[in-house]
Peer 1: 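Pasting a structure below so you can have a look.
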Amino acid sequence: MPLNFKKIENKWQKIWKEEQFFKTRDEGKNKKNFMLLTEFPYPSGNLHIGHWYAFAVPDIFARYLRMNNKNVMYPIGFDAFGLPAENAAIKRGINPRKWTEKNISFMTKQLNNMGAAFDWNRKVSTIDPEYYKWTQWIFLQMFKKNLAYRTKTFVNWCPKDKTVLANEQVVNGRCERCGALVVQKEFEQWMLRITKYADRLIDDIEKLDWPETTKLAQKNWIGRSQGINFKEKVKDLNIEFEVYDSIPQTFLAQTFTVIAPEHPLVEKLIIGTEYEKPVREFVEKIKQKKAADKFEIEKESEGIFTGRYVDNPFGTGDFPIWVASYVVADYGTGIVNCSAHDERDFAFAKKYDIPLKIAMLPSDKIMAEKVKNFEECYLDPNGILQKPAEVRGMNWTEARKPVIEYIENKGFGKRTTHYRLRDWVISRQRYWGVPIPVIHCEKCGYVPVPEKNLPVELPKLKDFLPTGEGKSPLAKAKKWVDVDCPKCKGKARRETDTMDTFVDSSWYFIRYTDPKNKNKFADRKKMKKWLPVPLYIGGAEHNTMHLLYSRFFTKVLYDLKLAHFNEPFVSRRNHGTILGPDGQKMSKSKGNVIDPDAEVKKYGADSVRMYLAFMGPYDQGGPWQFTGITGISRFLQRVFNISKNLSDKTDREIEKTLHQIIKKVGEDIESLRFNTAISGLMIFLNKAEKNSINKKTFEDFLKLLAPFAPHLSEEIWKTNLNNKKSIHIQPWPKYSNKMIAEENFELVIQINGKVRDKILAKKGVNQEQAEKLAVKSSKIKNIIAGRNIKKTIFVPDRLINIIL
RNA sequence: GCCCGGGUGGUGAAAUGGUAUACACGAAGGACUUAAAAUCCUUUGCUCGAAAGGGCGUGUGGGUUCGAGUCCCACCCCGGGCACCA
């Protein structure tokens, strides 16, 4: 009889919902709390097969933990502010809130079809004023501590979306969302001082149980670099400045200085000189070029001489100062000293005929000649330093420390650290986001909205289209904008920018512990019960953004004594991406998108989720194969069939296999190796079908299956086997090592490392006995015949290798 | 350019330095059926051989080892991240 999975799934989903079966209490009797966190979805419209991968597969783990005496919280929510909702709403002529809420209710229904053990009582939605009240509140705590500030800065501007973008939202010089070419524009922006935490964000990452790739990506993203800031003077002008160098070993080879075109100092260098006009023209040209394709690396740098010199910095002569296109204005100090030991400097000097010097040579004589003649740029850790005299003969690596000390002793410069990481621009000139809770007063400056007036609710606007002048659409809400200053009661205006949605998602996991609290962002006692999050599962695309921001927020809250932990996620595991059947990324234009609803309709939710778990390693993802799911579907049908065909005894062999897979399935789930766990279940069923199996043994097997196929196992458990209480609260079966232990094993016999025969032997035989058994085999006898055994290598309970 | 991953049957994939290809899909043959579907059984890395049995096989080329998919060196290809960071 073919299974009516639809009926079964509807039935149990309804019952679980009515019984509030997955409601999490803050306390479990003698149970440890465990929050299994997955990245809350963006309500884009309907569920994608990727959502199933992200939520239904970890649900296996959540259910497993529950059966293993853990008080499990498997929370869910919606990250619901953001550009796409706004764009979609504009396109359809409806309000973003309407569009978003419609999507949320539809996706909620779909999420329930997964049969995942979500606790909907703890649902968190970032567009809920009771949620964003606390997003604003946290912002104000940062503002008070000068961690949120306003500044004029060059920002990435998307001309199509008409908004400012974070560096992270720019991909290859284009807007991540719409693909338009990003340009540079100067604006007053709200920033978060994440750079203040750069060191802690790098140093604390070591102790986390996170994928090495994620750790490395964050380290590179923060990009800590240690070196020297040289102090220098401009000749004939009363100007001092600093120059950063992360590899100061070869500093005595430096012969010229380059400055970024956007650097404010450029103007001071040239004003009133004959260079004024040509340099200005050059700077304008480069600025325009950079705005057009900032992220395209130029093949050849351009530059112009400023007519000025650095005043004899190391007592070896003056350095001409050039404006050069390859210098980055906002890294280091925006000014660089140049030598022959850097590819870019070397090429630049050659192009403009600037004299060079050498401070380091290779040991190879022919190479050294080339370097001396400036035929080749040389930078190598094995290079031999020539100067200063104090380090002559040392190699580049070992010279680093003494050279740095030499530079400091001579007073040329000081040790410093610079970072690639920039402060986080959170201002968005867009409607669909959290209003920044600040009031501008002519007299008092930027005044925080008093906490009792939070949340600053997003006003309802008919016209929420971007203005296109860098002003938020909120500026159009005149009644909302005009307020009294909380300090002086004079006329003032509200801030009209909204926050980057990454702010919303930087603390959502905390709210899960206490989602309905009206007085605090979360109760401290409740936080202590659940946090830090023991395991966070999500996509690798969040390596440098969301995960870094959440760590930053956590550290800020920790410093403010608002959180008892300074790292949010103890363990982190990434999942892979599900590709289309053609092995390509799914996209509408390619027509390779898998609709989970259609698959569920055909095979049922249990099959879909179990196939996703079975198709390969969870961190790898891979292409969806339409034919692959039939294997799972058949397997589940066979499980159902055998439940109707139980015997009154279990063969010893089956009993043994059961204990083996209890061990295997448990261990595999714990290391997220769902694919091999399922293969274990299949091996058991294949054997059980050919032997006899009783109710007790089958029930244990069914418990192992329960996290994978929650509906079918519950149906069999209650309806076919007449059990009263749900299978999902049964204790996970225990295995006995005694049962697993085999009496015999297959002894592999190798001759000179090649497998020649396999015989059955008793476990625990020693080398001598094994050798005797081996030479008894007729095959082996024939091969050995007449030759001498030089030696044998014996691996207990496994193999013997005879060397002739 | 730099930094990470990864290359195993027709396909998705398994393998603490110790039997390469578990489990599943697909394919071929068979049973059941008037027939098909479903289901069940058998075979399924390549190759020589009638068979017994042998040879070759984890991207390529070397190396370490009694023994290498696994460790080391060089290279090729694919995927991802960062990218004028001095």
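We use all heavy atoms of the structure for the numbers below, so side chains are in, but hydrogens, waters and symmetry mates are not.
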Peer 1: For C2(B), which nucleotide is its Watson-Crick or G-U wobble mate, given both distances must be under 3.5 Å?
Peer 2: G81(B)
Peer 1: Quick one: is Gln620(A) getting a side-chain N or O under 4.0 Å of the A13(B) phosphate, OP1 or OP2?
Peer 2: yes
Peer 1: Could you tell me the Watson-Crick or G-U partner of U16(B), where both distances fall under 3.5 Å? Say none if there is no partner.
Peer 2: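 The answer is none; no pair meets the criterion.
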Peer 1: Measuring to OP1 and OP2 of A14(B), would you say a side-chain N or O of Ser679(A) lies under 4.0 angstrom away?
Peer 2: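 No.
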Peer 1: With nearest nucleotides of RNA chain B determined for Gly334(A) and Thr627(A) from heavy-atom distances, which residue corresponds to the more 5′ nucleotide?
Peer 2: Thr627(A)
Peer 1: Just checking, is any N or O donor in the side chain of Thr214(A) or Asn574(A) under 3.5 Å from an acceptor N or O on the other one?
Peer 2: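 Per modelled atom types, Thr214(A) and Asn574(A) side chains form a pair under 3.5 Å.
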Peer 1: Say you pick atom C1' in G59(B) and the same atom in C40(B); how far apart are they, in whole Å?
Peer 2: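 Their C1' atoms lie roughly 40 Å apart.
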Peer 1: Could you work out the separation of A83(B) and A13(B) based on their C1' atoms and round it to a whole Å?
Peer 2: 35 Å
Peer 1: With the side chain of Ser246(A) defined as its heavy atoms from C-beta on, choose the nearest nucleotide among C4(B), A86(B), G26(B).
Peer 2: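 When the side chain of Ser246(A) is considered, A86(B) is the closest of C4(B), A86(B), G26(B).
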Peer 1: Just call it for Ile803(A): base, sugar-phosphate, or nothing, with non-hydrogen atoms closer than 4.0 Å on any strand.
Peer 2: sugar-phosphate
Peer 1: Is the shortest side-chain N/O distance from Arg673(A) to OP1 or OP2 of A14(B) below 4.0 Å?
Peer 2: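 No.
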Peer 1: Pick the P atom in A68(B) and in U11(B), then give their distance to the nearest Å.
Peer 2: 26 Å
Peer 1: Can you tell me, in whole Å, how much space there is between the P of U21(B) and that of C72(B)?
Peer 2: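 Per the computed distance, 25 Å lies between those P atoms.
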Peer 1: Can you tell me the Watson-Crick or wobble partner of G69(B), both distances under 3.5 angstrom?
Peer 2: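 Check on G69(B): unpaired, no WC or wobble geometry under 3.5 Å.
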Peer 1: Considering just the side-chain nitrogens and oxygens of Asn675(A), establish if one lies under 4.0 Å of OP1 or OP2 belonging to A24(B).
Peer 2: no
Peer 1: Please give, in whole Å, the distance from C25(B) P to Gln625(A) CD?
Peer 2: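 That distance rounds to 12 Å.
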Peer 1: What parts of residues 746-766 of chain A reach RNA chain B, counting only heavy atoms under 4.0 Å away?
Peer 2: Glu746(A), Val748(A), Gln750(A), Lys754(A), Val755(A), Arg756(A), Lys758(A)
Peer 1: Where the side chain of Lys690(A) is concerned, which of C41(B), G18(B), C82(B) is the nearest nucleotide?
Peer 2: C41(B)
Peer 1: Give the nucleotide from the list A83(B), A86(B), C25(B) with an atom nearest to the side chain of Arg420(A).
Peer 2: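 Selected nucleotide (nearest to the side chain): A83(B).
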Peer 1: State whether a side-chain donor-acceptor pair under 3.5 Å links Gln218(A) with Thr544(A).
Peer 2: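 No.
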Peer 1: For the P atoms, the ones on U60(B) and on C77(B), what distance do you get once it is rounded to whole angstrom?
Peer 2: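 Those two atoms are separated by 15 Å.
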Peer 1: One thing to verify: whether Glu743(A) and Lys763(A) come together as a salt bridge, which I'm taking to mean a side-chain N less than 4.0 angstrom from a carboxylate O.
Peer 2: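 No, Lys763(A) and Glu743(A) are not salt-bridged.
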Peer 1: Could you let me know what U8(B) is paired to, Watson-Crick or G-U wobble, both distances under 3.5 Å, or none if it's on its own?
Peer 2: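 Partner of U8(B): none found under 3.5 Å.
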Peer 1: Using the C1' atom as the reference point in each nucleotide, state the distance between G80(B) and U44(B) in Å, no decimals.
Peer 2: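 Between the two C1' atoms, the distance is 36 Å.
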Peer 1: Expressed as a whole number of Å, how far does the C1' atom of C76(B) sit from that of G26(B)?
Peer 2: 31 Å
Peer 1: Between Ser339(A) and A86(B), does any side-chain N or O lie under 4.0 Å from OP1 or OP2?
Peer 2: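 It does not, given that no N or O in the side chain of Ser339(A) lies less than 4.0 Å from OP1 or OP2 of A86(B).
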Peer 1: What nucleotide among G18(B), G12(B), C84(B) has an atom nearest to a side-chain atom of Val328(A)?
Peer 2: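 In terms of side-chain proximity for Val328(A), the closest of G18(B), G12(B), C84(B) is C84(B).
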Peer 1: Heavy-atom nearest nucleotide on RNA chain B for Ile683(A) versus Thr333(A): which residue maps closer to 5'?
Peer 2: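 Of the two residues, Ile683(A) wins.
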Peer 1: Under 4.0 Å between a Lys/Arg side-chain N and an Asp/Glu carboxylate O for Glu653(A) and Lys687(A)?
Peer 2: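 Salt bridge present between Glu653(A) and Lys687(A).
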Peer 1: Checking all strands, does Ile247(A) fall into the base, sugar-phosphate, or nothing category for heavy-atom contacts under 4.0 angstrom?
Peer 2: sugar-phosphate
Peer 1: Under 4.0 angstrom, heavy atoms only, what part of the nucleic acid is Asp245(A) near: base, sugar-phosphate, or nothing?
Peer 2: sugar-phosphate
Peer 1: Can Asn337(A) and Thr257(A) be counted as having a side-chain donor-acceptor contact under 3.5 angstrom?
Peer 2: yes
Peer 1: Passes side chain to side chain donor-acceptor pair (under 3.5 Å), Glu689(A) versus Asn641(A)? Steps please.
Peer 2: CA-CA 10 Å; Glu689(A) 281 175 334; Asn641(A) 293 347; over 6 Å; no
Peer 1: Using only side-chain N and O atoms of Tyr331(A), determine if any of them is under 4.0 Å from OP1 or OP2 of A86(B).
Peer 2: yes
Peer 1: Please list, chain by chain and in numerical order, all residues satisfying salt bridge (charged side-chain N to carboxylate O under 4.0 Å, His left out) with Glu284(A), sequence neighbours excluded.
Peer 2: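 Checked Glu284(A) against salt bridge (charged side-chain N to carboxylate O under 4.0 Å, His left out); zero matches.
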Peer 1: Under 4.0 Å, heavy atoms only, any strand: does Phe614(A) hit a base, just the sugar-phosphate, or nothing?
Peer 2: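 Since a base atom lies under 4.0 Å of Phe614(A), the category is base.
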Peer 1: Between Arg422(A) and Asp330(A), is the closest basic N to carboxylate O distance under 4.0 Å?
Peer 2: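 The answer is yes: the pair qualifies as a salt bridge.
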Peer 1: What nucleic acid atoms does Ile793(A) come within less than 4.0 Å of, heavy atoms only: base, sugar-phosphate, or nothing?
Peer 2: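 Counting heavy atoms under 4.0 Å across all strands, the contact made by Ile793(A) includes a base.
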Peer 1: Distance criterion of 3.5 Å, no angle test: do you see the side chain of Arg344(A) paired donor-to-acceptor with the base of C85(B)?
Peer 2: no
Peer 1: So which nucleotide does U44(B) pair with, by the Watson-Crick or G-U wobble rule with both distances under 3.5 Å?
Peer 2: G26(B)
Peer 1: Looking only at the side chain of Met682(A) (C-beta and beyond, no hydrogens), which of the listed nucleotides C23(B), A86(B), C25(B) gets closest?
Peer 2: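 Looking only at side-chain atoms, Met682(A) lies closest to C23(B).
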Peer 1: Got a sec, which residues hit salt bridge (charged side-chain N to carboxylate O under 4.0 Å, His left out) with Glu39(A), two or more places apart in sequence or on another chain?
Peer 2: Arg572(A)
Peer 1: Is the glycosidic angle of G9(B) within 90° of 0, making it syn, or outside that range, making it anti?
Peer 2: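 G9(B): syn glycosidic orientation.
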Peer 1: Indicate whether any N or O donor in one side chain lies under 3.5 Å from an N or O acceptor in the other, for Tyr603(A) and Thr630(A).
Peer 2: no
Peer 1: Pair Phe502(A), Trp424(A) - check ring-ring contact (aromatic ring centres under 6.0 Å, His included), show working.
Peer 2: CA-CA 10 Å; Phe502(A) 276 110; Trp424(A) 175 10; 7.2 Å; no
Peer 1: Look at all strands and tell whether Pro623(A) reaches a base, only sugar-phosphate, or nothing, counting heavy atoms closer than 4.0 Å.
Peer 2: nothing
Peer 1: Considering only side-chain heavy atoms of Thr676(A), which listed nucleotide, C82(B), G12(B), A14(B), is closest?
Peer 2: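 Of the candidates, A14(B) comes closest.
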Peer 1: Under 4.0 Å between a side-chain N/O of Arg224(A) and OP1 or OP2 of C85(B), yes or no?
Peer 2: no
Peer 1: Students often get this wrong, so: under 4.0 angstrom with heavy atoms, is Asn686(A) touching a base, only sugar-phosphate, or nothing?
Peer 2: sugar-phosphate
Peer 1: When the P atoms of A27(B) and C82(B) are compared, how many Å lie between them, rounded to an integer?
Peer 2: 42 Å
Peer 1: Nearest to the side chain of Lys791(A), heavy atoms from C-beta on, is which of C66(B), G53(B), C25(B)?
Peer 2: C66(B)
